[in-house]
Protein chains: 2
Amino acid sequence: MNTHVTQGQAIAATARLVEPPSKLDEQDPLCHPARDEIELAAVLHALSDPMRLRIVAGLAREDKRTCGSFDLPVTKSTCTHHFRVLREAGLIRQRLEGTTRLNSLRREDLDVRFPGLLESVLQAAERR
Amino acid sequence: MNTHVTQGQAIAATARLVEPPSKLDEQDPLCHPARDEIELAAVLHALSDPMRLRIVAGLAREDKRTCGSFDLPVTKSTCTHHFRVLREAGLIRQRLEGTTRLNSLRREDLDVRFPGLLESVLQAAERR
DNA sequence: AGTGTAGTACGACGTTCGTCGAACTTCCTG
DNA sequence: CAGGAAGTTCGACGAACGTCGTACTACACT
């Protein structure tokens with residue numbers, strides 16, 4: 001009668017099984033989904049957490065920021081977790097730069113795939 | 001060092017504690033958040049589930065539909081759950097009509113509160 | 001009155017989520 | 001080289017989520 005597949009499982013499937021072909025190369029642990037692999041549900045889920053919304057909003061104001069520059073009220077490991085969710089959902093791109101990771105918003109990719117979505121979310125997040 | 005408040009707790013707080021003043025009248029169990037009480041994170045969370053996204057998309061194509069008219073691959077109780085999440089997030093309005101509930105998208109309220117957001121999500125959900 | 005239809009309420013279940021702390025890796029710098 | 005700074009990894013824990021089945025309510029139609 002039903003598929004017996006939970007939301008999380010579906011998201012995990014599209015985020016972990018579809019991802020590899022794009023950037024699971026050799027030693028790079030930072031694999032991002034290709035533009036066409038970005039899933040709407042995964043993006044919305046990634047944005048539905050206040051902490052991550054804050055990160056994205058901060059990144060919109062100033063790009064290429066390091067993880068630690070956000071001063072979030074959580075520990076480093078939790079921070080890592082949130083950045084990974086954002087990266088695997090296709091919202092941000094992380095580039096290794098020495099001992100830090102430079103984060104940037106994937107504005108163009110997102111705007112091609114889901115026109116207007118990121119902008120409206122950012123605008124909504126800003127005024128409050 | 002941190003607030004120790006999880007995402008769910010925060011959403012629940014804004015969805016259940018802020019809600020009452022709006023429409024927790026006498027015998028009406030269908031309480032909707034007022035327009036100004038609609039929370040971005042709650043909206044995004046509500047939309048991040050494929051089943052609920054499907055409901056919203058279907059409601060966008062044809063308004064004022066009954067719960068059973070969606071033919072979702074889940075049981076009735078699960079269906080009730082999803083409609084409640086959507087209602088409490090402020091995405092839909094449910095009106096009692098005899099033995100059924102008529103569901104309609106709160107397009108105007110959402111567009112005033114988060115301009116362009118619903119439209120871009122609907123557009124993104126549609127083409128695929 | 002009796003049956004059916006549409007939906008809700010409640011409790012249970014397994015999974016996912018957000019969080020933490022401790023241990024670890026990597027790079028930079030004195 | 002020793003120390004620190006920036007992140008990651010891993011396992012744990014409690015809360016929240018999606019789902020189900022059963023029992024229930026409320027209205028409608030013979």
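A, B, ... follow the sequence lines: proteins, then strands. Residue 1 opens every chain. Computed from a prediction, not measured in an experiment: that's the story for all the values here.
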Item to check | Between C1' of D/dT19 and CE of B/M51, the distance in whole Å | outcome: 10 Å
Item to check | Nucleotide D/dG18, atom C1' - distance to CG of B/L53 in whole Å | outcome: 16 Å
Checklist entry - Does B/E37 use its side chain to pair, donor to acceptor, with the backbone of B/A34 at less than 3.5 Å? => result yes
What N/O pairs connect the protein and nucleotides 4-6 of chain C at under 3.5 Å? Give each pair on its own line.
| residue | atom | partner | partner atom | Å |
| --- | --- | --- | --- | --- |
| C/dA6 | O4' | B/T99 | OG1 | 3.1 |

Checklist entry - A/H45 NE2 to D/dA16 P: how many Å, rounded? => result 15 Å
Checklist entry - Is there a donor-acceptor pair closer than 3.5 Å between any side-chain N or O of B/S69 and the backbone N or O of B/R65? => result no
Checklist entry - By side-chain hydrogen bond (donor to acceptor under 3.5 Å, both in side chains), which residues pair with A/Q94, not counting sequence neighbours? => result A/R87, A/N103
Next on the checklist: Rounded to whole Å, how long is the line connecting atom NE2 of A/H81 with atom P of D/dG11?
Outcome noted: 17 Å
Item to check | Side-chain heavy-atom pair A/T100, A/E97 within 4.5 angstrom cut-off | outcome: yes
Item to check | Those residues that, when tested against A/T78, pass side chain to side chain contact (heavy atoms under 4.5 Å, CB included) (two or more places apart) | outcome: A/V74, A/T75, A/H82
Next on the checklist: For D/dT19 and B/H82 - does any side-chain N or O of the residue sit under 4.0 Å from the phosphate oxygens OP1/OP2?
Outcome noted: yes
Next on the checklist: Between P on C/dG18 and CZ on A/R52, what's the gap in Å once rounded to a whole number?
Outcome noted: 4 Å
